[in-house]
Undergrad: 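Submitted below is the structure of interest, expressed as structure tokens.
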Amino acid sequence: MSNKTLKDIDRAIRELRSEIEIYSRVTPENSEEARKKFEESIKGEVPESEASVREDVVNEVVSDTVASSITPDDLGAEEIREQDIEDPEFEYIDQESFEDVRRELARFERDLDETDASETVKEMYRDTIEEGMALIDIAENLGDPEAVQEASRRIYGEPSESTVEWADEVLQNEESADDPRYTEGRFSTTDMKESLEKTLALLDMEEWTVDTREKGSMKVNAANQEVSVPEGREFTENEMMRLLVHEIGTHALRGANGYKQEFGVMGSGTGHYHQAAEGIAFFLEEATGLSNPDNKKKYAARVKSVESVMDGNDFTDTYIMNREFGFDHDKAWNISLRAHRGGGFIKDHIYAEGFRQIEAYLKESDDVENSDGLEEFMAMDGHLEDLMAGKISVEQGYNLRGELEAEYSPMTVIENLDYLTPDGVDTSVVDVDPRLQQWYSQAS
């Protein structure tokens, strides 16, 4: 009975993650319309005399014969703050009931006590069932701030005080990127798709596919074993390398390794795996010299935006805060939307929170700044290979160390970037930390 119960949970969780696809579900259906109304609200509040002056200036710069208009980027954060802006109203897909799945998961949780698996494995499955319940709570209550925020806390936790301090420091001190390899989009969706397919072929991950999607960001769906690239997207030289390490070298590899294990839930994702997933991806970006300074600031702003939601601020408050951090209208809108989507999807702090957990897990204590709240991870003294064996949490990887094997390694991706990327990508800028191999495996 024990093996059947665990395999039934593996199946149910994989199906649930695939069906709910929570990141798509919490994205407003009317995001473009809401954005246009928000922009009009900002422009509409500008005094007529001030607007005329601004338009005259713009017209002189562009052309005396071309009419121009105020855009949100023409206004500073303080000017926007002084206005009476109506918060955007977001709409979501029709809600559906997952009551049958909820009952099935509750039955599995009761049956877990009858299995002969180790307590570590049982606890991993309990965490996974709890996450499944929380995903259902979000899907059934889209647009309800109290329900969505409470459920997302159960999945992703909250940003620690020291991570908020880290974010404050990054936003205050990190310089913006001005190197063209970070700023100029020179490569197409086709270029990225071909590089991703080449990477999967190199790794012999034959069951995985690469597809395109209409919009959004790149996404790895381990439940469906697919990587999606947005249509019409331009990628920078840095992204052509960094995203191979981030998306394939971390997310896809952890999923592929997980499906090789005895417990299939390690492929689709255990409960609490998220911090480790984004933390490893961010850590590998830093360890290979591929971290984009602007990306680091974005991760920091995401922490502050989650904090803003938790403090009860509305969308406009969060948007203005991000403008004050120096982000343009487009970035401020997107960062704020990610935090407020669904009614307050508290998730975006995990990039920084996870990164700091991975640092504490791998590095010597003297190399970790402000380790408050990270004592548990500092005491583990583990290796990255422990965490690459599946889509698992740091604690789960540490507790199961020695019992799992990671067939696929991110080192394969890192060491072959020159082969995997198109002509015109200068891979000589890759600067691998000499300690990375030691951090990765105890056998190094």
Side-chain angles (χ1 to χ4, degrees), residues 1-20 22 98 100-137 151 154-157 207 221-225 250-277 279-280 354 357-358 361 376-377 379-409 441-442:
M1 174 179 168
S2 63
N3 286 341
K4 182 179 187 305
T5 297
L6 298 183
K7 290 187 181 303
D8 283 346
I9 298 173
D10 294 339
R11 170 195 54 76
I13 291 297
R14 185 170 183 174
E15 290 176 356
L16 180 64
R17 290 195 188 282
S18 179
E19 181 178 359
I20 285 188
I22 199 64
F98 293 88
D100 289 346
V101 183
R102 191 191 296 276
R103 283 197 297 268
E104 184 179 40
L105 292 178
R107 176 171 59 82
F108 289 153
E109 187 169 24
R110 293 191 299 270
D111 290 347
L112 267 177
D113 291 334
E114 302 301 321
T115 67
D116 57 5
S118 69
E119 191 55 40
T120 296
V121 171
K122 288 181 183 179
E123 191 61 30
M124 178 178 72
Y125 273 88
R126 289 190 191 101
D127 289 343
T128 306
I129 290 171
E130 167 59 22
E131 178 163 323
M133 295 288 200
L135 287 172
I136 292 173
D137 287 341
R154 283 153 52 198
I155 300 174
Y156 306 107
E207 296 179 347
N221 186 327
N224 295 335
Q225 293 178 287
T250 303
H251 298 319
L253 287 195
R254 277 172 37 102
N257 281 329
Y259 286 125
K260 299 285 186 181
Q261 311 303 335
E262 178 184 358
F263 310 111
V265 74
M266 292 182 174
S268 59
T270 65
H272 305 312
Y273 83 88
H274 307 274
Q275 282 88 343
I280 293 169
Q357 290 178 6
I358 298 301
Y361 184 71
E376 174 188 359
F377 304 98
M380 290 180 184
D381 188 26
H383 291 85
L384 196 54
E385 190 175 28
D386 306 329
L387 311 182
M388 290 301 302
K391 293 171 75 70
I392 53 182
S393 71
V394 176
E395 297 92 330
Q396 291 159 359
Y398 181 73
N399 290 334
L400 292 169
R401 68 193 184 284
E403 300 179 31
L404 308 173
E405 183 178 349
E407 178 176 332
Y408 304 109
S409 167
S441 173
Q442 187 172 7

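Each residue takes its place number in the sequence, starting with 1.
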Undergrad: Quick one: does any side-chain atom of Arg254 pair with a main-chain N or O of Ile392 as donor and acceptor, under 3.5 Å?
TA: yes

Undergrad: Between the main-chain N or O of Tyr156 and the side-chain N or O of Gln275, is there a donor-acceptor pair closer than 3.5 Å?
TA: yes

Undergrad: About how many Å separate OG of Ser409 and CE of Met388, when rounded to the nearest 0.5 Å?
TA: 7.0 Å

Undergrad: Let me confirm one number: the CG-OG distance from Asn224 to Ser268, rounded to the nearest 0.5 Å.
TA: 10.5 Å

Undergrad: Would you indicate whether the side-chain heavy atoms of Val121 and Thr115 approach each other to under 4.5 Å?
TA: no

Undergrad: Any donor-acceptor pair under 3.5 Å linking the side chain of Ser18 with the backbone of Glu15?
TA: no

Undergrad: When you compare the side chains of Thr270 and Gln396, does any donor N or O come within less than 3.5 Å of an acceptor on the partner?
TA: yes

Undergrad: So, using salt bridge (charged side-chain N to carboxylate O under 4.0 Å, His left out) as the criterion, who are the partners of Glu123 when residues are at least two apart?
TA: Arg126

Undergrad: Determine whether Ser441 and His383 satisfy the following criterion, side chain to side chain contact (heavy atoms under 4.5 Å, CB included), listing intermediate values before the conclusion.
TA: CA-CA 6 Å; Ser441 173; His383 291 85; 5.6 Å; no

Undergrad: Of Asp100, Ile9, Ile13, which meets side chain to side chain contact (heavy atoms under 4.5 Å, CB included) against Leu105?
TA: Ile13

Undergrad: Once rounded to the nearest 0.5 Å, what's the spacing between atom CD of Gln261 and atom OH of Tyr259?
TA: 12.5 Å

Undergrad: Taking atom CG of Asp111 and atom OG1 of Thr5, what is their separation to the nearest 0.5 Å?
TA: 5.0 Å

Undergrad: Please set out all donor-acceptor pairs under 3.5 angstrom arising from side-chain atoms of residues 399-408, sequence neighbours excluded.
TA:
residue, atom, partner, partner atom, Å
Asn399, ND2, Glu395, O, 3.2
Arg401, NH1, Tyr398, O, 2.6

Undergrad: Please determine, by modelled atom types, if Glu207 and Gln225 share a side-chain donor-acceptor pair under 3.5 angstrom.
TA: yes

Undergrad: Side chains of Asp386 and Tyr361: any donor to acceptor distance under 3.5 Å?
TA: yes

Undergrad: Phe98 and side chain to side chain contact (heavy atoms under 4.5 Å, CB included): which single residue from Asp137, Ile136, Leu135 fits?
TA: Ile136

Undergrad: Hey, does the side chain of Lys391 reach the backbone of Ala276 with a donor-acceptor pair shorter than 3.5 angstrom?
TA: no

Undergrad: Walk me through whether Lys7 and Glu262 qualify under salt bridge (Lys or Arg N to Asp or Glu O under 4.0 Å).
TA: CA-CA 9 Å; Lys7 290 187 181 303; Glu262 178 184 358; over 6 Å; no

Undergrad: Under the side chain to side chain contact (heavy atoms under 4.5 Å, CB included) rule, what do Phe263 and Tyr125 come out as? Steps first, then yes or no, please.
TA: CA-CA 9 Å; Phe263 310 111; Tyr125 273 88; 3.3 Å; yes

Undergrad: Check Asp10 with Arg14, please: is the shortest side-chain N to carboxylate O separation under 4.0 Å?
TA: no

Undergrad: Just list the side-chain donor-acceptor pairs under 3.5 Å for residues 127-134, sequence neighbours left out, or say none.
TA:
residue, atom, partner, partner atom, Å
Thr128, OG1, Met124, O, 2.7
Thr128, OG1, Gly271, N, 3.0
Glu130, OE2, Arg154, NE, 2.7
Glu130, OE2, Arg154, NH2, 3.2
Glu131, OE1, His272, N, 3.2
Glu131, OE1, His274, NE2, 3.3
Glu131, OE2, Arg17, NH1, 3.0
Glu131, OE2, Arg17, NH2, 2.9
Glu131, OE2, His274, NE2, 2.7

